[in-house]
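Just so you know, these numbers use all the heavy atoms, side chains as well, and skip hydrogens, waters and symmetry mates. Just so you know, these numbers come straight off a predicted model, no measurement behind them. Naming: A, B, ... by sequence-line order, numbering from 1 per chain.
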Amino acid sequence: MKPRSTLITDVKTSIRMLWRDWRGGQLNLVFSALVVAVAIVAAVATLANRIEQSLERDLGTFIASDLLVRSGQSVRPELIDIANQLQLQTAFVSELRTIAYAGDNSTLIELKAVSENYPLRGKLEIEDLITGEAVVTTRTPNTGTAWIELRLLSLLDIDIGDLLEIGALQLEITEIVRHEPDADTGFSMFNGHVMINIADLSATGLILPGSRVSNRFLVAGETNQVEGFQTWFDTNGSIHEEVRTPANSEHRLNRAVDRGTNFLLLAGAIGVILASIALALASQQYASRLTDRIALMKAWGQSAKSVRTWLLLQISILGAIACVIGLTLGWLIHFSLATIAAELLSVYLPEPTVQPLILALLTGLISIIGFALPPLWNLPKIAPLRVLRRDLPSALASNSIRITIGIVVIGALVFWYSSAIFAVTFLGGTLAAAIICGTVSITLLGIGRKFSHWSGSYWRLGFNNLWRRKSHTLLQLVAFSMTIMLLTIIVALQTSLIQDWKEQIPVDAPNYFIMNVAEPDLDTAKDLLIEYNGSSEISWYPMVRGRFSHVNNKRLTPEELDDIEDGDREINFTWSADLPDGNTIIDGKWWNSKAGTLQAGYVSIEEEMAGDLGVGPGDTIQFSIGGLPLTATIASIRVVNWDNMTPNFFYIFSPGTLDEYPSTWISGVHLPDDRGEFANAMARQLPTAVTIQIDEILNRIRGLIERLSSGLELMVWMILACGLLVLFATIGSSLDQRKHESAILRTLGSSRTLIIGSLSVEFLSLGILSAVTGIVCAEGVIAVLQVQAFELDARLHPELWPAALIVGAGIIGLLGIARSLPVVTTPPLQSLRDVSA
Amino acid sequence: MITADNVSKILPIATGELTILNHVSLSVNDGDSLAIIGPSGAGKSTLLGLLAGLDTPSTGSITLSDYCITNMNEEQRAEIRAKFVGFVFQTFQLLPGLSAIENVSLPLELTGRKRASEMAKEYLSKVGLAERLSHYPKQMSGGEQQRVAIARAFACEPKVLFADEPTGNLDSKTGGEISDLLFEMNKEQQTTLVLVTHEHRLADRCDSRLMIDSGEVTENS
Ligand SMILES: Nc1ncnc2c1ncn2[C@@H]1O[C@H](COP(=O)(O)OP(=O)(O)O)[C@@H](O)[C@H]1O
Ligand SMILES: [Mg+2]
C-alpha cells in the first residue's frame with residue numbers, strides 16, 4: 001500500500017513543505033539571516049580582497065612595480081626568463097651618481113636610466129612646457145634625450161633644447177620631470193635627477209667595473225604571478241640581489257593597511273556573529289512552530305527517521321538557495337561599493353580571487369550546522385502523544401546545549417576570519433556580557449519590579465511580565481546587549497582608527513623639506529621662508545654626514561656593517577640641546593639643557609639601531625666624518641616616532657660635539673598656499689639647496705586614508721543592518737507568547753492603553769538594560785582590541801554612550817512595540833486563534 | 001478488532017504515583033463504534049492515546065487490528081498507526097500555513113501516495129467544502145475546520161478512527177452537523193470508530209459506550 005520512499009520522493013516532499021512554510025512567511029527570518037551571513041562574508045571578503053590588492057598595488061607605486069630586484073650587478077638572465085614564463089610585465093631601471101656638464105657648469109646628479117615600460121605601477125609626470133602644469137605621461141625618454149628636474153635648469157644655467165653632457169654622451173634636454181613614482185623621498189635626494197633611456201647607458205661609458213650602479217629589475221602582474229616570482233626568488237636569489245615589495249618598502253602605509261585590513265576582517269567577523277545570532281533565534285522560533293506539525297506527522301505513523309530526513313533535506317535546500325542568493329547579493333554589494341569607490345577615488349581595483357566566495361560558502365555551511373540545525377535536531381524525537389497532550393515537553397534541544405554549540409562555533413568562525421586575539425577577546429566579551437547581563441540585569445529587574453509596585457499599573461504589569469519569563473528575558477537581554485556591544489565596538493574602532501590615521505598627517509604637516517643648506521646660506525633661506533609665509537619659529541637642524549667605524553674601540557668588519565641597516569653608507573647626524581618632539585628616551589638620560597650639564601662628546605641612539613649594534617648607554621662609538629674620526633659615548637637610547645613627518649635622526653649628538661665638522665641645515669615647513677613658488681625661489685637663489693615639495697605624497701597618503709575610511713563606513717552600515725536583524729529576531733522570539741497573553745488580557749477587558757503601556761515598559765526596560773550592559777562590555781573589549789590588535793592607546797568612548805543608549809533602547813522599544821501592536825488592534829478572538837492555531 | 005485487557009496507566013509524580021487509568025478492559029469489533037464518556041480529567045484522552053498506540057500502558061495489553069501493540073517499540077507502533085489509524089481532534093490540529101486541500105493531502109503525500117491532490121479534493125467535496133479548497137484555516141469557521149480535519153482523517157482510509165471530543169469546541173448545532181458527517185463517513189467506509197465525548201447525544205449514536213470516572217470504568221454498555 002505504501003510505496004517505498006525513495007530519495008526523489010523525499011526531496012519532492014521536502015521541497016513541497018519548504019515551499020509552503022516559505023509561502024507562510026515562517027522562513028523569512030531564517031532565510032534572511034542565512035543570506036545576510038553569506039552575503040556579508042562574500043561582500044566583506046571580496047571587498048577586503050580587492051582593497052588589499054589595490055592598496056598593495058598603490059603601495060607598489062612607491063616602487064613603481066609590484067616587486068623589484070635590486071642588485072649592484074647587471075640583471076641576471078634567469079630573472080628575466082622566469083618573469084617572462086610567469087607572464088609578468090617587466091621594466092629595467094639603473095641608477096648611478098655622476099656628474100653632468102653643460103657648458104662651463106657642472107653638478108652632481110642622480111642618473112636614472114629607464115626602459116620604455118617604466119613605470120609599471122604609479123605615474124610619471126612631466127611639465128607641460130606651455131602651461132607649466134604637471135601632466136601624466138606614458139612615454140619615457142627617447143634615446144639621445146634627457147628629462148631633467150626643474151632645479152637643474154638654474155643649477156646648470158640651461159634650458160629645454162640645450163645639450164647635457166653625461167660621461168661620453170651628449171643628450172638633448174626635452175622634458176622636465178615633475179614626479180617619479182619611485183623617487184626617493186628620504187633625505188638622500190641631494191642631487192638633481194636626470195632620466196635617460198636605458199639603451200643610452202652603456203654609451204655614457206660610465207658603467208665600469210667598480211662603479212656604483214644600482215640595477216633594478218621591476219615586475220608587475222597578478223598577485224599569484226608576483227607570488228610565483230617571489231617564491232622562485234626565495235630559493236634562487238643571489239646574495240647580491242635584494243627584493244623589494246610594497247610590503248617592505250613603506251612602513252607608515254603598511255601600518256595603515258594592516259589596521260584597515262584588520263578592521264575589515266573584524267567587521268566581517270562581527271557581521272557573521274550577528275547574523276549567526278539572528279539565525280539561531282530564528283531557527284529556534286521556526287523549530288517551535290514545527291513542533292505541532294511534527295507531532296501530528298508522527299501520530300500519523302511517520303518514523304523519526306523519515307522526519308529527520310525531511311528536515312535535513314529542507315534545511316539543505318534552504319541553505320543552498322540562501323547561499324546562492326547570499327553570494328549573488330554579496331557580490332552585488334561589493335560590486336556597487338567597489339564601483340563607487342573606484343570611480344570616486346579613480347583607483348583600479350584588481351579582480352577578486354575566488355577565495356572570498358569559497359569563504360562565504362563555508363560560512364553558510366558552518367552557520368547552518370552551528371545555528372540552524374541544533375534547534376531542529378531533537379524535533380524528530382517528539383512524542384506523538386503531544387497531539388493529545390500539548391503540555392508534554394516540546395523536545396527542543398536544551399538552551400544550554402545550543403548556546404554552548406553556538407559559542408564554540410562563533411569562536412571558531414572568529415578565529416578563522418581574524419586571529420586568535422580576536423577570538424579570545426570575543427569569547428571573553430561574550431561570556432562577560434552573559435555573566436554581567438545575568439547578574440546585573442536580573443538584579444535591576446528585581447529592583448525595578450519592587451519599585452514598580454508603587455508606580456502605575458503599566459510598570460507593575462510590564463515588570464511582572466519580564467520577571468515571570470525570567471529565563472527568556474535573560475536570553476533576550478544577552479542577545480540585545482551582545483548586539484549593542486558589537487555595534488558599539490565596530491563604531492568606536494572605526495572612529496578611533498580613522499582619527500588615528502588622520503592624526504598621522506596633521507593638516508599642518510610640513511609640505512616642504514629643505515635640505516643641504518650650507519651654513520653661510522642659512523640666513524638667506526630663513527629670509528626666503530619668511531617671505532613665503534613661513535614662520536620664523538621653524539626649527540632648523542644641522543646635519544653632518546658620516547659613517548660609523550668602531551664600537552667600543554673595535555673596528556667593525558664589512559660583514560658586520562652589512563648586517564646593520566645603512567651600515568655601509570653615509571648617514572645623517574645632527575646635534576640638539578633639546579629632545580625633539582616625537583622622541584622618547586627609554587634608556588639612559590638626555591642631556592639636560594637647563595641644568596647646565598651640556599657637554600660635548602655624547603650621542604643618543606635610536607632604539608633599533610642600538611639593537612643592531614648591540615650597544616647601550618656608556619658604550620662608545622667611533623664615527624668617520626669626511627675621513628675625520630669622532631668618538632662619542634652613548635648617553636641614551638630613544639624611540640623615534642617615524643610617522644610624524646618631521647626630520648628624524650638615528651643619531652643625535654650633544655651640542656658642541658659636531659662643531660668642527662662641516663654641516664648643512666635641514667628643515668621641514670608647512671606652506672599651505674604654496675604652488676611651487678617657494679621651490680622656484682629657492683632653486684633660483686640657493687641652487688645648491690634641495691627643496692622637496694611633498695604635497696603629493698601627503699595627498700596620496702591622505703587619499704588612501706580617505707579611501708580606507710569610506711570603506712570602513714560602508715562596512716559599519718552593513719554591520720548595523722545585521723544588528724537590526726538580530727534585534728528583529730530576538731523580539732520575534734517572544735512575540736507569540738506576548739501576543740497570546742495580551743489577547744487574554746484583552747478578552748478579560750484590559751484597556752488598550754494598559755496593554756500598550758505595559759508592552760512599552762517591557763521593551764523599553766529591556767532596551768535600556770541591554771544598552772547599558774552592552775556599552776560596558778564593549779568598552780572592555782575595545783580596550784583589549786585597541787592595545788592588542790591595533791596598537792592604539794586604550795581609551796573610553798563616552799561620546800558613543802548616549803547614541804548607543806538612545807539608539808539601542810529606542811530601536812528595541814519601538815521595534816518591540818510596533819511588532820506587538822497588532823494584538824491590540826485585532827479582535828482578541830482572532831489573535832487567540834492565530835496564536836494557538 | 002480493538003481490545004484492551006486490564007490496562008492501567010500510572011505516572012510517577014513528586015508525591016508518589018498517580019493512577020490515571022485503573023484496570024480498564026474493553027473491546028470493539030471491526031466496523032463498530034465506541035463512545036468513551038466521562039467528566040473532564042477522567043482519563044478519556046489517556047485511554048484513547050493508549051488504544052491508538054500513541055503511548056504505552058503501565059500494565060495490561062492492547063491489540064489493534066489483531067496486532068498486540070503493547071510489546072512493540074515506537075517505530076513498530078508508528079508503522080501500525082500509518083497502516084490502520086486516523087485521528088480527529090477537539091482543537092482540529094490543522095496546519096495554519098496550509099490551505100484546506102493541502103491540509104488534507106499532506107498525510108497522503110507523506111506516505112508517498114499518488115494523486116494525493118485529487119483524493120483530497122474528492123474528500124473535501126464529500127464533507128461539503130468543494131468551494132473552499134484554497135482557503136486557509138484562519139479563514140474558516142470552527143465547524144468548517146473540523147470538516148477539513150474529518151476529510152483529512154478519512155482520505156487516508158483508516159481502518160480505525162480515533163476522535164477526541166470532535167465536537168467539544170463547537171456549538172451544539174454545528175456539533176450535530178459534524179457528528180452526522182462523522183457517522184455518515186464511518187458507515188460508508190466501514191471504519192471502526194472510537195470517540196471521546198461528554199455529549200450524550202453523540203454517545204448515544206455509538207454501538208457501545210464506556211463510562212469512566214477517575215480512571216475507573218463505571219459503566220459499560
Ligand atoms: N503526562 C501526564 N502528567 C501528569 N498528569 C497527567 C499526564 N497525563 C494525564 N495526566 C492527568 O491525568 C488525568 C486524565 O487526563 P486526560 O486523559 O487528559 O483526561 P480527559 O478525560 O479530560 O481527557 C488528568 O488529571 C491529567 O492531568
Ligand atoms: Mg481529554
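Under a 3.5 Å cut-off, the side chain of E79(B) and the backbone N or O of G301(A) do not form any donor-acceptor pair.
Remark: E144(B) pairs with R132(B) by the salt bridge (charged side-chain N to carboxylate O under 4.0 Å, His left out) rule, at least two apart or across chains. Partners of Y136(B) under the ring-ring contact (aromatic ring centres under 6.0 Å, His included) rule, at least two apart in sequence or in another chain, do not exist in this structure. Taking the ring-ring contact (aromatic ring centres under 6.0 Å, His included) definition, one finds that F87(B) meets it with F89(B), sequence neighbours left out.
L50(B) CG to L385(A) CG: the interatomic distance, rounded to the nearest 0.5 Å, is 8.0 Å. Once rounded to the nearest 0.5 Å, the distance linking OG1 of T9(A) with NZ of K114(B) reads 9.0 Å. Atom CG of L94(B) and atom CG of D292(A) lie 11.5 Å apart (nearest 0.5 Å).
More than 12 heavy atoms of other residues, nucleotides or ligands lie within 6.0 Å of CD1 in I13(B), so this atom counts as buried by the packing criterion. Counted within 6.0 Å of NZ on K159(B), heavy atoms from surrounding residues, nucleotides or ligands total 12 or fewer; the atom is thus considered open. The environment of NZ in K9(B) is crowded: more than 12 heavy-atom neighbours from other residues, nucleotides or ligands sit within 6.0 Å.
Of the listed residues K12(A), R289(A), K298(A), M17(A), the one with more heavy-atom pairs under 4.5 angstrom with chain B than any other is K298(A). Interface remark: of the candidates R16(A), R389(A), Q26(A), M297(A), R16(A) forms the most heavy-atom pairs closer than 4.5 Å to chain B.
For L296(A), the part lying near chain B is the side chain, with the backbone staying farther off; criterion is any non-hydrogen pair under 4.5 Å. Of the two parts of S303(A), the backbone and the side chain both hold a non-hydrogen atom closer than 4.5 Å to a non-hydrogen atom of chain B. In this structure, no portion of A295(A) lies under 4.5 Å from any heavy atom of chain B.
Annotation: residues 66-76 of chain B contacts chain A through E74(B), E75(B) [non-hydrogen atoms, separation under 4.5 Å].
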### Task
Check the pair Q302(A), T111(B) against side chain to side chain contact (heavy atoms under 4.5 Å, CB included), reporting the backbone distance first and the verdict last.
CA-CA 8 Å; Q302(A) 296 304 326; T111(B) 49; 3.7 Å; yes

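Between P384(A) and R81(B), the closest side-chain pair of non-hydrogen atoms falls below 4.5 Å. In this structure, R20(A) and L95(B) have side chains that are not in contact, with every pair of non-hydrogen atoms separated by 4.5 Å or more. Counting heavy atoms from C-beta on, the side chains of V85(B) and W300(A) never come closer than 4.5 Å.
Residues S99(B) and R23(A) come closest through the heavy atom pair N-NH2, 4.4 Å.
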